[in-house]
Amino acid sequence: MADPTSIAPVLVTIDDIERAAARVASLVRPTPLLSSANLSELLGRPVWCKWEQVQRTGSFKIRGALNRLATLPEGVTTVVAASAGNHAQGVALAARHLGLRAEVVVPDLAPPPKVAATRGYGAVIHRVSGTVDDCIAAALERAEATGAVYVPPFDDPAIIAGQGTLGLELADEVPPDADVLVPVGGGGLLSGVAVALAARRPDVRVIGVQTAAVPGMVASLAAGEPVAVPAAATLADGIAVARPSALTLAHVRAHVAEVRTVSEEHIGHALVLLVERVKAVVEPAGTVGLAALLADERPDPTRPAVVVLSGGNVDPLLLSRLVEHGLTAAGRFLRVRVVLTDRPGAIAGFTAALAAHDLDVIDIEHHRAGVALPVDRVEVQLTVTARDPEHRDTALGALRAAGFDVTLL
């Protein structure tokens with residue numbers, strides 16, 4: 001008898017995705033694909049952005065959730081999901097739309113705005129101490145105990161087919177011979193989009209992008225089977241999935257040209273660029289496609305790039321910190337330490353030197369106690385802004401050449 005684990009998963013087809021499109025049309029809105037002259041000039045190739053962050057619930061997740069719930073057998077009244085964010089909101093709204101009861105298990109430290117939004121769509125919230133994995137275990141137990149149906153975030157053909165409806169839209173929109181860059185965590189969105197574009201637009205190359213902090217899909221592709229990578233902190237928490245499923249891995253191997261990883265610095269830089277140059281508020285997980293273009297040292301100017309902005313659910317308080325991080329990564333927001341002689345006018349002289357080099361001071365801290373310095377010296381830490389990395393480096397070099405003992409923190 002064959003080992004069940006060795007049986008290849010059955011892949012979603014374009015027919016599955018077309019049927020999903022008919023099911024979700026009553027709620028899912030087509031999202032715009034917009035060209036960006038600013039990004040195109042910056043990156044040296046035509047750049048287009050798919051604005052999925054303006055989708056209902058603020059992300060693509062509603063597509064898969066609604067398709068999955070629309071295919072439930074008769075008699076099902078309750079669904080259960082585990083999520084700290086976008087999947088929870090997608091399941092909650094889809095359930096309300098179809099007249100079902102939704103229960104969502106969330107970590108006790110889940111972001112309050114996301115929990116409030118999920119509850120606002122009508123879901124019953126259950127809090128569990130621990131990680132999302134602990135929530136999944138609790139959701140599966142509750143589904144078994146109550147007869148509810150568990151709705152996974154990506155490991156389900158109906159979920160993949162629903163996410164593939166975004167690929168159908170792209171198939172009608174993207175320019176010829178484009179590279180389509182899609183965020184990947186568990187791989188549901190990447191799988192569905194890749195199936196649709198492989199069937200409808202074979203001239204298009206699909207590229208998955210994930211954070212280098214949690215490269216579960218990249219590691220699994222290298223191993224030839226799903227493997228888990230260690231959990232790690234990342235700005236892109238929405239795609240911090242340690243292990244994809246055999247189902248999504250099979251789709252990626254069949255239809256995706258490559259999967260790249262990007263650094264935290266490039267993710268932060270991409271977030272700031274989208275806010276500043278595209279006027280788009282996108283959560284960090286949704287910026288990784290643009291981050292990959294920023295990291296590309298040899299862009300092909302003949303191939304248009306299409307970046308899927310997969311979600312925009314970000315806490316406003318967190319957004320301010322993310323923008324600060326992104327400005328730092330872009331070389332425009334920096335903290336410096338300078339050691340000065342402890343005499344009147346020393347700080348004024350240094351700030352005048354900063355102004356002479358067009359560095360704008362936005363915060364300053366003066367330290368005499370608690371620092372290992374001679375008694376006639378004082379440490380000053382400043383937060384300043386620069387135009388770009390070249391301006392930053394030139395200004396710091398000039399300050400040092402003028403005799404200032406200045407260090408970039």
Side-chain angles (χ1 to χ4, degrees), residues 30-55 58-60 166 169-170 172-183 193 204-207 209 211 235-236 238 260 262-314 316 318-334 358-360 362 385-394:
T31 52
L33 179 72
L34 303 178
S35 63
S36 172
N38 287 329
L39 294 182
S40 299
E41 181 178 358
L42 175 68
L43 296 167
R45 63 191 296 188
V47 178
W48 301 69
C49 295
K50 179 65 169 173
W51 280 49
E52 190 67 5
Q53 83 278 10
V54 300
Q55 183 58 261
S59 90
F60 70 95
L166 190 152
E169 293 177 23
L170 288 171
D172 292 333
E173 299 167 334
V174 299
D177 300 316
D179 290 337
V180 177
L181 295 101
V182 184
V193 168
V204 168
R205 183 168 59 187
V206 178
I207 298 170
V209 187
T211 169
L235 297 175
R260 302 177 184 175
V262 289
S263 69
E264 298 296 292
E265 289 71 25
H266 282 122
I267 293 171
H269 188 187
L271 184 145
V272 170
L273 276 177
L274 287 166
V275 170
E276 192 172 52
R277 306 295 292 275
V278 185
K279 315 308 177 190
V281 176
V282 182
E283 61 189 273
T287 71
V288 294
L290 179 57
L293 296 182
L294 291 171
D296 191 350
E297 297 179 352
R298 293 185 295 178
D300 184 349
T302 68
R303 294 190 67 89
V306 176
V307 178
V308 175
L309 307 178
S310 57
N313 291 319
V314 57
L318 176 61
L319 179 62
S320 64
R321 299 200 299 272
L322 292 171
V323 169
E324 180 179 319
H325 182 280
L327 289 171
T328 302
R332 295 170 50 196
F333 194 94
L334 53 149
D358 295 325
L359 294 174
D360 185 25
I362 59 175
T385 61
R387 291 189 296 272
D388 50 44
E390 182 179 2
H391 176 215
R392 173 198 63 193
D393 296 341
T394 299

Atom CG of Leu166 and atom CZ of Phe60: how far apart are they, to the nearest 0.5 Å?
9.0 Å
Heavy-atom donor-acceptor pair, His269 side chain to Glu265 backbone, under 3.5 Å:
no
Is a side-chain donor-acceptor pair under 3.5 Å present for Thr31 with Gln55?
no
So, the side chain of Ser40 versus the backbone of Val47: is there a donor-acceptor pair under 3.5 Å, distance only?
yes
Evaluation steps, salt bridge (Lys or Arg N to Asp or Glu O under 4.0 Å), between Asp177 and Arg205:
CA-CA 7 Å; Asp177 300 316; Arg205 183 168 59 187; over 6 Å; no
Residue pairs involving residues 293-302 (criterion side-chain hydrogen bond (donor to acceptor under 3.5 Å, both in side chains); sequence neighbours excluded):
Asp300-Thr302
May I ask you to decide if Arg277's main-chain N or O and Asn38's side chain share a donor-acceptor pair within less than 3.5 Å?
yes
With no hydrogens and no angle check, just 3.5 Å: does a side-chain donor-acceptor pair link Thr211 and Glu264?
yes
Residues His266 and Ser263: side-chain donor-acceptor under 3.5 angstrom
yes
Taking Glu283 for its side chain and Gly312 for its backbone only, find out whether a donor-acceptor pair lies under 3.5 Å.
yes
Would you sort out whether Leu290 and Leu43 count as a side chain to side chain contact (heavy atoms under 4.5 Å, CB included), showing the intermediate values?
CA-CA 10 Å; Leu290 179 57; Leu43 296 167; 3.8 Å; yes
Say whether, by atom type as modelled, one donor and one acceptor occur between the side chain of Thr287 and the main chain of Pro284 under 3.5 angstrom.
yes
